[in-house]
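Each remark here refers to the structure printed beneath this line.
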There are 2 protein chains.
Amino acid sequence: MGQEIAESLGVLLRRTTRTQLHRRLTEGMGEALDETTYPVLSALARTGPRSAADLAPEVGIDRSGVTRRASRLEEAGLVRREPDPGDRRAQLLVLTEQGRQAVAELRTRLADRIADALAGWPPGEAEAFARHLHRFTTDGPFG
Amino acid sequence: MGQEIAESLGVLLRRTTRTQLHRRLTEGMGEALDETTYPVLSALARTGPRSAADLAPEVGIDRSGVTRRASRLEEAGLVRREPDPGDRRAQLLVLTEQGRQAVAELRTRLADRIADALAGWPPGEAEAFARHLHRFTTDGPFG
DNA sequence: TATTGTTATACTCTATAACTATA
DNA sequence: TATAGTTATAGAGTATAACAATA
């Protein structure tokens, strides 16, 4: 059983698993939105307006990387920068209306893919899997 | 439910999730064995002796990358190169005894981490999760 | 003194292209 | 002609270090 999970993790954690999924999700959504900028846009949608420093651990890169990716998204009109009212050193990254639309499209695409994958599963198993996977990513062998 | 899976996938597919796990697994096992060479060693153990070209898709990089990583493992004595008896163009990458010992240690470490993560789960749920995760990585939204 | 965003720099890792040898 | 391994090269992406502004 542990061996089966180890094998599955091996596939999931492959570099190509991530890049290929993100590349397909962002396909045709403009030059600025690719597997590099996707995690920033996605994290921003998940957490709401954030500074680059706050977003960095969420995305798994440092603040200079967030700045660079955010600049690409800003040029494309998906993100804008606003001064943080509570800290004049900081800039908040905020989704524009166009950015929100892009996130909605990305979420739909991902949801469709997941639904397709689970379509043939026996009743109840998909729900159980969702719960288990969430628990595993939270308490799993990653900390 | 799809949303819950999407969130979990977001965590699993983070670049840092992979590198940190592999970094911890290989900790203290010599300079040649790190998060870069781990997937090659692991794939070799899983599939048996293979050429660089055959191993490339398994690892998710191209054959030049496999060659480079294999050379590091060879220098450290974990892998050796043998001529392929069936094709004189090819070189088979083979685990040495030291390489097999390293793989055994890595498997133990990963199994321990997984077992720790599942220790508190209700009876039967871990087994179900293992089956579901395997199915999901096989038929999932990645192809 | 510490932390912010940003930029420039150095480093790591990768794919691409070339080469020779063999199928 | 195509494919093997290998090497050199160029590209992408990253962390590190520095900077001025603000806490």
Side-chain angles (χ1 to χ4, degrees), chain A residues 13-23 26 31-44 47 49-75 79-94, chain B residues 13-23 26 31-44 47 49-75 79-94:
Chain A
L13 298 185
R14 266 207 286 258
R15 193 178 49 96
T16 48
T17 301
R18 170 175 52 91
T19 55
Q20 282 177 15
L21 177 62
H22 290 174
R23 198 168 294 168
T26 57
E31 203 176 344
L33 193 42
D34 58 18
E35 70 271 17
T36 305
T37 51
Y38 171 85
V40 171
L41 197 75
S42 175
L44 212 48
T47 68
R50 290 270 182 159
S51 68
D54 284 350
L55 219 52
E58 194 80 24
V59 181
I61 56 175
D62 86 333
R63 60 194 173 131
S64 73
V66 174
T67 289
R68 216 175 324 107
R69 298 184 187 190
S71 295
R72 287 186 53 201
L73 292 168
E74 188 183 31
E75 284 170 31
V79 161
R80 68 171 181 274
R81 287 176 158 95
E82 289 185 0
D84 184 341
D87 186 339
R88 288 197 301 175
R89 295 171 302 181
Q91 295 262 69
L92 291 181
L93 300 171
V94 187
Chain B
L13 297 185
R14 266 208 287 259
R15 193 177 50 98
T16 48
T17 302
R18 170 176 51 92
T19 56
Q20 281 177 15
L21 178 63
H22 290 174
R23 198 168 295 169
T26 57
E31 202 176 344
L33 192 43
D34 57 18
E35 71 271 16
T36 305
T37 51
Y38 171 85
V40 171
L41 197 74
S42 176
L44 212 49
T47 67
R50 290 272 181 157
S51 68
D54 284 351
L55 219 52
E58 193 81 25
V59 181
I61 55 175
D62 86 332
R63 61 196 171 129
S64 74
V66 174
T67 290
R68 216 174 326 107
R69 298 183 186 191
S71 295
R72 287 185 54 200
L73 292 169
E74 189 183 30
E75 284 171 30
V79 161
R80 66 170 183 274
R81 287 176 158 94
E82 290 186 0
D84 184 339
D87 185 340
R88 287 196 302 173
R89 295 172 302 179
Q91 296 261 70
L92 291 181
L93 300 171
V94 188

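What you see is a predicted model, and the numbers here were worked out from it, not measured in a lab. Computation of the quantities below employed the complete heavy-atom set of this structure, encompassing side-chain atoms and omitting hydrogens, waters and symmetry-equivalent molecules. Below, chain A is the first sequence line, B the second, and so on; all start at residue 1.
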| message | What is the separation between atom CZ on A:Arg18 and atom C1' on C:dC13, rounded to the nearest whole Å? | response | 13 Å
| request: Please report the shortest heavy-atom distance between B:Ala56 and B:Arg63, naming the atom on each side. | output: CB-N, 3.7 Å
| Contacting residues from residues 65-74 of chain B, given that a heavy atom lies under 4.0 angstrom of DNA chain C | B:Arg68, B:Arg69
| Spacing between B:Leu93 atom CG and D:dT6 atom C1', to the nearest angstrom | 12 Å
| said: With side chain to side chain contact (heavy atoms under 4.5 Å, CB included) as the test, pick out the partner of B:Arg50 among B:Val40, B:Leu92, B:Leu44. | reply: B:Leu44
| note | Smallest heavy-atom separation, A:Glu35 atom then A:Thr19 atom, equals CB-O, 4.1 Å
| request: With the side chain counted from C-beta on, respond yes when A:Thr67 and A:Gln91 share a heavy-atom pair under 4.5 Å apart, and no when they do not. | output: no
| task | May I ask you to verify if any side-chain N or O of A:Arg15 is less than 4.0 angstrom from the OP1 or OP2 atom of C:dA15? | result | yes
| field | Per-nucleotide protein contact string for nucleotides 17-23 of chain D (B base, S sugar-phosphate only, - none; heavy atom under 4.0 Å) | value | -B--BBS
| said: Using every non-hydrogen atom in the two residues, find where B:Asp84 and B:Gly86 come nearest and quote the distance to one decimal. | reply: OD1-N, 2.8 Å
| remark: the helix from C:dT1-D:dA23 to C:dA23-D:dT1: angle between terminal helix axes, five bp per end, to the nearest 10 degrees, reads 10°
| said: Less than 3.5 Å apart, any donor N or O on the side chain of A:Arg81 or A:Ser71 sitting next to an acceptor on the other? | reply: yes
| query | Which atom pair, heavy atoms only, marks the closest approach of A:Ala43 to A:Glu58? | reply | CB-CG, 3.8 Å
